[in-house]
Amino acid sequence: MKKIYDNASNALNDILQDGMMIAAGGFGLCGIPELLLQAIRDNGAKNLIFASNNAGVDDFGIGLLLQTRQVSKMISSYVGENAEFMRQYLSGELELEFTPQGTLAERMRAGGCGIPGFYTRTGVGTMIAEGKEHKEFDGETYILERGIVADLSIVKAWKADTTGNAVFRKTARNFNPPAAMCGKVCVMEVEEIVEPGTLEADKIHLPGIYVHRLIQGNHEKRIEQRTIRAA
């Protein structure tokens with residue numbers, strides 16, 4: 001099966017549809033699939049549901065798709081750093097399913113493992129628990145969270161071989177592996193594609209079985225909050 005595509009647009013154009021759910025890797029601006037997000041913007045697909053830790057910033061990452069009104073709902077943990085996100089949410093233009101960070105990662109992982117739901121204490125007694133099943137285990141109350149199965153996963157890795165076995169660099173791993181696992185189709189962008197056998201087997205973070213399409217590209221690698229010491 002062909003996995004390598006020339007660019008992000010070619011890898012996505014026959015997949016994208018209005019109203020689909022997309023799981024996106026990344027944390028803040030670290031390890032986000034920026035080329036694939038730009039291609040989604042250029043494609044023009046509308047009413048998209050995104051499961052992602054956050055929504056980038058106003059002019060980068062998922063923030064680009066908020067500017068073009070292509071996102072109808074976010075399933076997220078952190079909603080700061082993005083004024084347009086805040087404006088659309090407060091005006092009722094954007095639906096938000098607020099999900100604790102660890103719960104979101106586990107919902108993605110569970111979906112990728114074929115687990116339809118799991119119980120957690122996180123969120124009990126808060127608005128997170130509203131409308132969810134409650135159950136007691138050993139005298140403690142838990143809530144039921146559903147696994148996420150997305151129509152499409154978009155993720156970014158550092159290196160991958162031509163079969164899709166991938167390595168992430170340091171903290172850029174973040175949500176990328178669970179996001180990749182939970183998509184019916186996973187498209188991954190990388191900085192470098194190498195031949196099979198080049199990557200050390202014990203250091204592969206994501207097996208190629210989860211990756212359906214692969215592109216190589218140049219990345220901007222923005223710093224979200226840069227703090228420097230005075231000279």
Side-chain angles (χ1 to χ4, degrees), residues 3-17 20-45 48-68 70-71 74-78 81-82 85 104-105 108-109 111-112 148 150-161 164-193 205-208 210-224:
K3 288 194 175 183
I4 300 176
Y5 284 70
D6 293 337
N7 55 59
S9 293
N10 288 340
L12 289 175
N13 279 343
D14 64 335
I15 300 174
L16 290 172
Q17 297 180 10
M20 71 188 317
M21 177 185 282
I22 301 175
F27 186 99
L29 298 184
C30 179
I32 66 170
E34 60 190 76
L35 304 179
L36 294 166
L37 288 167
Q38 291 167 11
I40 293 172
R41 178 199 60 188
D42 295 341
N43 175 276
L48 301 173
I49 301 170
F50 266 89
S52 176
N53 180 67
N54 60 302
V57 293
D58 287 317
D59 63 343
F60 200 64
I62 297 176
L64 291 174
L65 303 177
L66 292 174
Q67 286 183 341
T68 52
Q70 290 173 254
V71 182
M74 289 293 307
I75 303 172
S76 295
S77 298
Y78 179 65
E81 308 298 334
N82 193 318
F85 186 118
L104 179 59
M108 291 180 174
R109 190 200 71 85
I148 291 174
D151 300 304
L152 169 67
S153 293
I154 55 171
V155 297
K156 178 185 181 294
W158 178 38
K159 290 183 181 180
D161 65 24
N165 293 313
V167 176
F168 301 91
R169 189 169 186 270
K170 301 183 179 179
T171 58
R173 190 189 314 187
N174 52 62
F175 275 77
N176 278 294
M181 292 172 64
C182 75
K184 296 175 183 177
V185 177
C186 174
V187 183
M188 182 169 65
E189 61 183 71
V190 298
E191 297 177 37
E192 184 180 356
I193 298 176
H205 299 135
L206 180 71
Y210 289 110
V211 180
H212 301 90
R213 299 184 180 188
L214 185 64
I215 66 162
Q216 180 176 331
N218 297 314
H219 298 84
E220 189 173 336
K221 296 185 182 179
R222 288 197 191 185
I223 298 175
E224 189 169 358

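All values below come from the heavy atoms of this structure, side chains included, with hydrogens, waters and symmetry mates left out.
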> Report yes or no: does Ser76 contribute a side-chain atom to a donor-acceptor pair with the main-chain N or O of Ser52 at less than 3.5 Å?
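Yes; at least one donor-acceptor contact below 3.5 Å.
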> Glu189 side chain to Leu36 main-chain N or O, any donor-acceptor pair under 3.5 Å?
yes
> Do the side chain of Lys3 and the main chain of Gly208 share a donor and acceptor less than 3.5 angstrom apart?
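Looks like yes, one N/O pair under 3.5 Å.
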> With rounding to the nearest 0.5 angstrom, report the CG to CZ distance, Leu37 to Phe50.
5.5 Å
> Can you give me the closest heavy-atom contact between Ile154 and Pro33, atom names plus distance?
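Closest approach of Ile154 to Pro33: O-CG, 3.5 Å.
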> Tell me the closest heavy-atom pair linking His219 and Lys156, and the distance in Å.
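Closest approach of His219 to Lys156, heavy atoms only: CD2-CE, 3.4 Å.
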> Asn82 side chain to Ala55 main-chain N or O, any donor-acceptor pair under 3.5 Å?
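Side chain of Asn82 to backbone of Ala55, a donor-acceptor pair under 3.5 Å: yes, one is there.
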> Would you compute the distance between atom NZ of Lys159 and atom CG of Asn165 and round it to the nearest 0.5 angstrom?
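These two atoms lie 14.0 Å from each other.
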> Donor-acceptor pair, Asn13 side chain versus Ser9 backbone, under 3.5 Å?
yes
> Return yes if some donor-acceptor pair links the side-chain N/O of Asn174 with the main-chain N/O of Thr171 below 3.5 Å, else return no.
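Pair found, side chain donor or acceptor close to backbone of Thr171.
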> Please check if the number of heavy atoms outside Asp14 that lie under 6.0 Å from its CG is greater than 12.
yes
> Test your reading of the model: is there a side-chain donor-acceptor pair from Asn53 to the backbone of Ser77, 3.5 Å cut-off?
no
> Looking only at heavy atoms, what is the nearest atom pair of Ser153 and Ala180, with distance?
OG-O, 3.8 Å
> Just verifying a value: how many Å separate Asn7 CG and Leu12 CG, rounded to the nearest 0.5 Å?
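Answer for the CG-CG pair, Asn7 versus Leu12, is 9.5 Å.
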> Considering non-hydrogen atoms only, spot the tightest contact between Met188 and Ala157 and give its length.
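Shortest heavy-atom contact: SD-CB, 3.7 Å.
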> Using the rule given for side chain to side chain contact (heavy atoms under 4.5 Å, CB included), can you reason through Met108 versus Met181, listing the C-alpha separation, both sets of side-chain angles and the distance that settles it, and then say yes or no?
CA-CA 7 Å; Met108 291 180 174; Met181 292 172 64; over 6 Å; no
> Check whether His212 reaches the backbone of Cys186 with its side chain - one donor and one acceptor, N or O, closer than 3.5 Å.
yes
> To the closest 0.5 Å, what do you measure between CD1 (Ile4) and CZ (Arg213)?
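Reported to 0.5 Å precision, the distance equals 13.5 Å.
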> Of the non-hydrogen atoms in Met21 and Ile148, which two are nearest, and what is the gap between them?
SD-CG2, 3.9 Å
> Report the distance from atom CG of Leu152 to atom CD1 of Ile40, rounding to the nearest 0.5 Å.
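Here the interatomic distance stands at 6.0 Å.
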> Return a table of donor-acceptor pairs under 3.5 angstrom between the side chains of residues 61-68 and protein atoms on other chains or two or more places apart.
unit_1	atom_1	unit_2	atom_2	d
Gln67	NE2	Asp58	O	2.7
Thr68	OG1	Leu64	O	3.3
Thr68	OG1	Leu65	O	3.2
Thr68	OG1	Gln70	OE1	2.5

> Roughly how far, to the nearest 0.5 Å, is the CH2 atom of Trp158 from the CZ atom of Arg173?
12.0 Å
> Is there side-chain contact between Phe175 and Leu104, with at least one heavy-atom pair below 4.5 Å?
yes
> Would you find a donor on one side and an acceptor on the other, under 3.5 Å apart, between the side chain of Asn176 and the backbone of Gly31?
yes
> How close do Met20 and Ile15 get, counting heavy atoms only, and between which atoms?
CE-O, 3.8 Å
